[in-house]
Asker: 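One structure, pasted below without further comment.
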Amino acid sequence: MQQIYTIQDMEEAIRGKLRLHYGISEKEVNEEYIFKACALVLRDMMALRGAETAEAVQRGHERQVHYLSLEFLMGRSLMKNAYNLGVLDAMNGAIEKMGFKPADIFEMEPDAGLGNGGLGRLAACYLDSMTTLDIPATGYSLCYDLGIFKQRIVDGQQVELPDDWKAMGGAWLIRKPEEREEVHFGGKLREVWHNGHLHVVHEDYNTVIAIPCDMEIAGYGTDHVNTLRLWEARSPRTLDMALFASGQYVRATEEQTMAQTITKILYPNDEHIEGKSLRLKQQYFFVSATVQSLVRKHLENYGTLKNFHEKNIIQINDTHPAMVIPELMRILMDEAGYSWDESWEITRNSVAYTNHTVLAEALERWPQSLMERLLPRIWQIIDEIGRRYQKKVEEFFHHNHAITEKMAVVWGGEVRMANLCVAGGSAVNGVSGLHTEILRNDVFREACQMEPAKFKNVTNGIDHRRWLSQSNPALDRLICELTGGDGYLLHPTQLQKLDDYADDAQVLERLGRIKRQNKEDFTRYLKRISGVTLNTDGIFDVQVKRLHEYKRQLLNVMQIIASYQQLHDSPNMDFTPHVYLFGAKAAPGYKVAKDIIRLINGLAKQIAGDPLCKDKLQVVFLENYCVSLAEKLMPASEVSQQISTAGKEASGTGNMKFMMNGALTIGTLDGANVEMHDVLGDDNMFLFGLHADEVEEMKRGGYDPQGFYQRDGILRAVVDQIRDGFDGVRNDELYERLLFNHYGVADDYMLLADFAAYCDAERRMVETYHDSVRWNRMSLHNIARSGIFAADRSVAEYADNIWHVNHK
Ligand code: 26Q
């Protein structure tokens with residue numbers, strides 16, 4: 001049972017850490033020390049409960065979930081952990097008693113930015129829900145020294161700075177060198193006959209040591225504690241003594257440095273693969289350490305691997321950890337002595353795969369030559385998996401060559417990770433209804449014909465305790481009051497009760513006041529950190545997400561330019577003040593994305609310097625969009641921009657965060673927007689644009705951007721203005737992309753086809769904004785119906801339909 005902590009208990013515990021752990025005297029205490037001491041106090045509480053959870057799970061012989069992801073975008077943990085442990089009030093009180101402000105202490109914590117965007121944040125939200133639902137689960141990832149880069153904007157352009165999060169964020173980690181694993185790279189294979197069986201022996205390899213750094217995860221309203229295990233890479237030898245003795249000090253440490261590079265940095269690309277050998281090393285290092293560690297624990301528990309699949313389910317977050325399949329095969333065959341067929345049966349039933357993208361450039365493929373050299377045994381096993389799968393495919397489809405090629409695991413000198421996962425997993429799921437249909441009918445069409453039951457849908461969800469209750473306390477209070485308590489925290493569909501207040505003028509007004517206050521709070525915060533002052537009378541119209549062409553930030557810019565041109569030409573027109581907020585990191589090597597950031601900043605500057613427009617129209621690019629900034633921004637947002645080309649955004653999860661905080665969505669029927677529309681209807685969101693099937697149809701018929709450009713004078717002026725640029729920087733490349741064919745295909749994302757409909761949606765939105773009662777009612781309906789997008793619901797579906805484990 002949970003122990004009750006008073007403010008005194010907390011203060012004593014914190015002071016204890018300051019004295020015993022840091023040897024700090026009263027006078028030396030500062031915010032940094034308070035943060036670290038608080039973290040240590042909570043860490044102890046969680047470690048204790050974690051050990052108890054682990055013992056109970058072991059005794060109960062329950063099936064365990066292993067969530068493998070190269071990314072966990074955790075953000076901050078201090079408030080989250082205190083909240084989930086039920087000691088937030090006590091901790092806040094203790095901090096105050098010690099003469100500090102809790103808000104300042106929370107601000108000390110760096111984001112654990114071990115992810116790029118949606119996929120990484122999803123993993124973090126799911127950890128919270130798995131724990132809250134009492135599911136025995138472990139997250140696995142890499143302990144990158146440097147997380148996602150910090151973004152600075154200098155002269156309108158993105159500059160990347162390293163993110164050394166561990167200096168402070170490391171306070172949560174418990175390093176366990178005792179549980180290290182060995183990972184082998186390179187080397188040679190030798191076949192030997194032993195007792196009538198052929199064995200493969202791996203020799204002359206290089207060894208890298210994997211050391212676990214565990215982060216405990218507390219659930220809400222439970223004593224259950226799970227673990228996020230982050231692997232750190234080290235060399236088995238710290239120093240080459242011979243080189244050291246001969247005075248070559250730097251060279252003597254080379255081996256250590258080489259090994260350590262594996263977990264030095266998170267790759268900052270999303271939805272685009274860079275076929276770098278270091279990335280492949282990261283993936284195998286991760287997968288091998290993880291599989292060995294969980295096989296070891298299973299053996300300690302059961303003494304056999306025969307029942308491995310009954311007691312373990314490995315969920316892989318996209319294809320990045322796909323090598324779990326050959327790695328588990330390797331261990332079962334080469335180390336445990338099982339036959340191919342026995343090993344395959346166990347492996348297939350232990351692995352499930354979530355797909356997060358249908359973009360061709362994001363489907364992972366690796367050169368066979370690289371794999372052969374770096375991971376000879378893994379390559380051999382993948383090749384054999386491919387051969388056997390191909391036989392099955394050929395039998396089923398009567399040797400249809402095109403289908404054989406499409407479904408191949410190895411083809412044209414490349415290994416295709418998605419097909420490997422489809423062949424080697426027991427379930428494949430998409431992350432929204434529409435996305436799953438695209439997987440079933442298009443990307444994995446034939447595989448789905450062969451094994452239809454394998455393909456499932458689990459629509460994404462978000463940790464609503466973090467993204468609503470914790471980040472928007474005023475709204476949380478209103479919800480608790482209206483729904484009769486905080487039941488929605490564990491039963492998010494109780495938010496539906498809010499619908500009963502749709503005609504309660506007082507409630508609608510209070511909702512409006514909360515939003516207004518949140519806008520002012522955010523404005524004050526932004527002023528403090530950046531010096532920029534937002535016009536709080538304007539509509540806060542927000543697009544925050546990674547910068548990618550398919551997400552169409554450029555379409556948003558085009559609409560703003562149209563609006564700006566109109567206002568500039570008729571400065572006395574009726575114009576509702578409008579504040580457009582952007583936040584986006586571009587992958588450092590993604591030129592077009594960086595050009596779009598520069599364009600946004602150029603436009604922002606131009607408008608800010610235009611005396612006729614600056615009080616009515618404002619464009620602000622928020623530097624360094626990250627989890628902790630999102631937590632401040634979501635409660636203050638009024639309009640959520642979800643405008644991807646239909647069929648391209650697998651789900652989106654930002655859309656859900658906005659909805660839960662009462663923002664209204666302008667969006668296409670893409671990803672989870674479709675399911676938002678299912679519950680909201682046309683009246684409670686602003687839909688526009690081509691549907692996914694219409695996009696495909698138009699592509700087949702030949703999308704003709706020139707036609708749109710010629711026919712629409714407003715559009716033409718906007719596109720020309722983009723070409724000519726704002727800050728003396730022309731954008732000929734963007735212009736070309738919008739209007740002309742590239743490799744025979746005109747702009748894949750079809751901005752011009754949706755432009756007019758988009759402007760109309762913005763117009764409808766602004767018109768609605770004038771009717772504040774109607775607006776607040778729509779906002780209320782959004783909050784009320786957002787319960788289905790709680791991660792608790794998603795995780796329960798995984799547990800029921802894919803993992804087959806019990807949950808609360
Ligand atoms: C792969 C290989 C090498 C280097 C990088 C990568 C890489 C890294 C990250 C490829 C893709 C990603 C990230 C993908 C991602 O975030 N996808 C998003 O996943 C969300 C959660 O399901 C969805 O809501 C979004 O729609 C989807 O874009």
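Whatever order the structure lists them in is the order used to number ligands and atoms, beginning at 1. FYI, side chains are in, hydrogens and waters are out, and symmetry mates aren't considered; it's all heavy atoms of this structure. Because the structure is predicted, anything quoted here is derived from the model rather than measured.
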Asker: Taking D670 for the side chain and G647 for the main chain, is one N or O donor matched with an acceptor at less than 3.5 Å?
Answerer: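 Yes, D670 side chain to G647 backbone: donor-acceptor pair under 3.5 Å.
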
Asker: Are D145 and K264 ion-paired here, with the side-chain N under 4.0 Å from a carboxylate O?
Answerer: yes

Asker: Which class fits the ring pair Y550 and Y749: parallel under 30°, tilted 30 to 60°, perpendicular over 60°?
Answerer: tilted

Asker: I want to know if ligand 1 touches G652 in the polar sense, i.e. an N/O pair below 3.5 angstrom.
Answerer: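 Such a contact does occur with ligand 1.
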
Asker: Is T357 close enough to touch ligand 1? Criterion: a residue heavy atom under 4.0 Å from a ligand atom.
Answerer: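 Distance cut 4.0 Å: T357 fails for ligand 1.
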
Asker: I'd like to know if W366 contacts ligand 1, where contact means a heavy-atom distance under 4.0 Å to any ligand atom.
Answerer: no

Asker: Just checking, R229 and W231: is the charged tip under 6.0 Å from the six-membered ring centre and within 45° of the axis?
Answerer: yes

Asker: What protein heavy atom is closest to atom 25 (C) of ligand 1, reported as residue, atom name and distance in Å?
Answerer: E649 OE1, 3.3 Å

Asker: Of all the non-hydrogen atoms in the protein, which one sits nearest to atom 13 (C) of ligand 1, and at what distance?
Answerer: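 Checked against all protein heavy atoms, atom 13 (C) of ligand 1 sits closest to D270 CB, 3.8 Å.
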
Asker: What protein heavy atom lies closest to atom 22 (O) of ligand 1? Include the residue and the distance to one decimal.
Answerer: H356 ND1, 2.6 Å

Asker: How far is atom 6 (C) of ligand 1 from the closest protein heavy atom, and which atom is that?
Answerer: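 Checking every protein heavy atom, the shortest distance to atom 6 (C) of ligand 1 gives R279 NH2, 3.8 Å.
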
Asker: Does ligand 1 have any atom sitting under 4.0 Å from a heavy atom of E71?
Answerer: yes

Asker: State plainly whether the residues D463 and K657 are in salt-bridge range, i.e. N to O under 4.0 Å.
Answerer: no

Asker: Considering only non-hydrogen protein atoms, determine which one is nearest to atom 17 (N) of ligand 1 and report residue, atom name and distance to 0.1 Å.
Answerer: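 For atom 17 (N) of ligand 1, the nearest protein heavy atom is E271 OE2, 2.9 Å.
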
Asker: For atom 8 (C) of ligand 1, which candidate among N655, N317, N269 holds the nearest heavy atom?
Answerer: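 Nearest heavy atom to atom 8 (C) of ligand 1 lies in N269.
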
Asker: Would you call S794 and Y126 a side-chain contact if the rule is heavy atoms closer than 4.5 Å?
Answerer: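 Heavy-atom side-chain distance check passes, below 4.5 Å.
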
Asker: With respect to atom 16 (O) of ligand 1, which of L280, T459, D670, L119 exhibits the smallest heavy-atom separation?
Answerer: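 Answer by nearest heavy atom: L119.
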
Asker: Under the criterion side-chain contact (heavy atoms from CB on, under 4.5 Å), I'd like the reasoning laid out for L680 against H677: C-alpha separation, chi angles, the key distance, then a yes or no.
Answerer: CA-CA 5 Å; L680 292 172; H677 178 248; 5.8 Å; no

Asker: With sequence neighbours left out, what residues match S141 under side chain to side chain donor-acceptor pair (under 3.5 Å)?
Answerer: none

